[in-house]
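Heads up: the structure comes next, in structure tokens.
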Amino acid sequence: VTDNDVDLGTTSLEFKDGYFDGTLHCDVLDLAGTEHTSIGGLSNYWNVKRTSNLSVSQNTTTTVTWNSTIVAQGVTDSTSSNGRITIGSGQAGWYVMHAISRYADGPTDGKEKVYIQHYDTSGSSTELVGYGEMNTKGSYDTVDAHALAYLDVGDYVYVQANQNNDSTANFIGSNGTGFMGYKIA
């Protein structure tokens with residue numbers, strides 16, 4: 001009859017399943033003995049892509065610039081000018097990253113490569129954190145790289161591509177080429 005007075009079940013007489021068609025309101029959610037007053041979502045993430053081709057000359061490592069930002073939360077996105085995602089204030093932590101490079105022009109010899117690079121501001125150094133390569137098979141080859149790295153505030157990450165199979169230029173395709181990442185801890 002009064003507010004905050006009725007229990008639904010007890011620790012010894014629990015309900016088996018619960019079904020709600022509507023909104024469930026609560027102050028604290030206890031999951032396996034751990035109390036939560038909020039459910040956190042992703043606080044820091046990005047997803048950028050290419051919407052036009054990018055030329056990659058033979059035996060030249062090219063930094064990929066991105067001309068379409070789908071989302072950039074908690075980071076500074078300067079990907080259209082220099083390809084960089086810079087970690088924002090209060091967003092240091094472990095990040096999972098994935099780069100996909102789809103080559104529109106893929107001859108039948110040589111390799112196509114993609115790198116995820118991390119610039120560490122405290123050490124003033126760059127380290128390779130993700131790498132992928134494949135022997136070319138034909139048009140629209142897809143190469144991807146994955147990375148898990150600790151990124152500090154001010155650090156930045158970027159993607160580079162290299163090919164050694166076309167004496168003039170190869171083209172990173174506009175359909176399916178992207179770079180995404182999110183903070184996991």
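Side-chain atoms of L148 and W94, non-hydrogen and from C-beta on, do get closer than 4.5 Å to each other. No side-chain heavy atom of W66 sits under 4.5 Å from any side-chain heavy atom of T51. At least one side-chain heavy atom of R50 sits less than 4.5 Å from a side-chain heavy atom of V64. S101 is not listed as a side-chain neighbour of D144, based on a closest heavy-atom distance of 4.5 Å or more. The closest side-chain heavy-atom distance from T65 to T79 is not below 4.5 Å. Between Y131 and K113, the closest side-chain pair of non-hydrogen atoms falls below 4.5 Å. A heavy-atom distance below 4.5 Å is not found between the side chains of T76 and I87. Residues S78 and Y156 fail the side-chain proximity criterion, which asks for heavy atoms closer than 4.5 Å.
The distance from atom OG of S57 to atom CG of N164, rounded to the nearest 0.5 Å, is 13.0 Å. Note that OG1 of T121 is 4.0 Å distant from CG of D155, once rounded to the nearest 0.5 Å. Here the straight-line distance linking atom OG of S124 with atom OH of Y119 works out to 4.0 Å at 0.5 Å rounding. Between the OH atom in Y95 and the OH atom in Y150 there is a gap of 9.0 Å [rounded to 0.5 Å]. T63 OG1 to Q160 CD: the interatomic distance, rounded to the nearest 0.5 Å, is 4.0 Å. Considering NZ of K111 and CD of E133, their distance stands at 4.5 Å, rounded to 0.5 Å.
Neither side chain, S80 nor N67, offers a donor N or O lying under 3.5 Å from an acceptor on the other. For the residue pair T126/D120, the side-chain donor-acceptor check at 3.5 Å is not satisfied.
The two residues A72 and D77 come nearest to each other via the heavy atoms CB-CB, 4.0 Å. For the residue pair I116 and A145, the shortest heavy atom distance occurs at CD1-O, 3.6 Å. The shortest heavy-atom contact between A161 and Y103 is CB-OH, 3.5 Å. The two residues G154 and T86 come nearest to each other via the heavy atoms O-CG2, 3.7 Å. For M134 against T142, the heavy-atom pair with the smallest separation is SD-O, 3.4 Å. Heavy atoms only, all atoms of each residue included: V153 and Q91 are closest at CG2-N, 4.2 Å.
Not one N or O on the side chain of D7 forms a donor-acceptor pair closer than 3.5 Å with the backbone of G9. Between the side chain of T60 and the backbone N or O of Q58, at least one donor-acceptor pair lies under 3.5 Å. When atom types are taken as modelled, the side chain of T10 and the backbone of L13 share a donor-acceptor pair closer than 3.5 angstrom. Under a 3.5 Å cut-off, the side chain of K183 and the backbone N or O of A92 do form a donor-acceptor pair. In this structure a side-chain-to-backbone donor-acceptor pair under 3.5 Å is present from N53 to S174.
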Checklist entry - Would N162 and T62 count as a side chain to side chain contact (heavy atoms under 4.5 Å, CB included) if you check the C-alpha gap in whole Å, the side-chain angles of each, and the deciding distance to 0.1 Å? => result CA-CA 6 Å; N162 180 288; T62 301; over 6 Å; no
Item to check | side chain to side chain contact (heavy atoms under 4.5 Å, CB included) between T177 and I100, worked out | outcome: CA-CA 5 Å; T177 296; I100 303 168; 5.8 Å; no
Checklist entry - Between V157 and R84, does a side chain to side chain contact (heavy atoms under 4.5 Å, CB included) hold up when you go through it step by step? => result CA-CA 6 Å; V157 289; R84 296 177 184 171; over 6 Å; no
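Under the ring-ring contact (aromatic ring centres under 6.0 Å, His included) criterion, H98 pairs with H146, sequence neighbours left out. Partners of E127 under the salt bridge (charged side-chain N to carboxylate O under 4.0 Å, His left out) rule, at least two apart in sequence or in another chain, do not exist in this structure. Residues meeting the ring-ring contact (aromatic ring centres under 6.0 Å, His included) test with F171, sequence neighbours left out: none.
Aromatic ring centroids of W46 and F179 lie under 6.0 Å apart.
Note: the hydrophobic cluster containing Y115 does not contain L151 (ILVMFWY, side chain heavy atoms under 4.5 Å, direct or indirect links). Note: the hydrophobic cluster containing V75 also contains V48 (ILVMFWY, side chain heavy atoms under 4.5 Å, direct or indirect links).
Checked against M180 for a side-chain contact (heavy atoms from CB on, under 4.5 Å), the options I85, I70, N47 give a single hit: N47.
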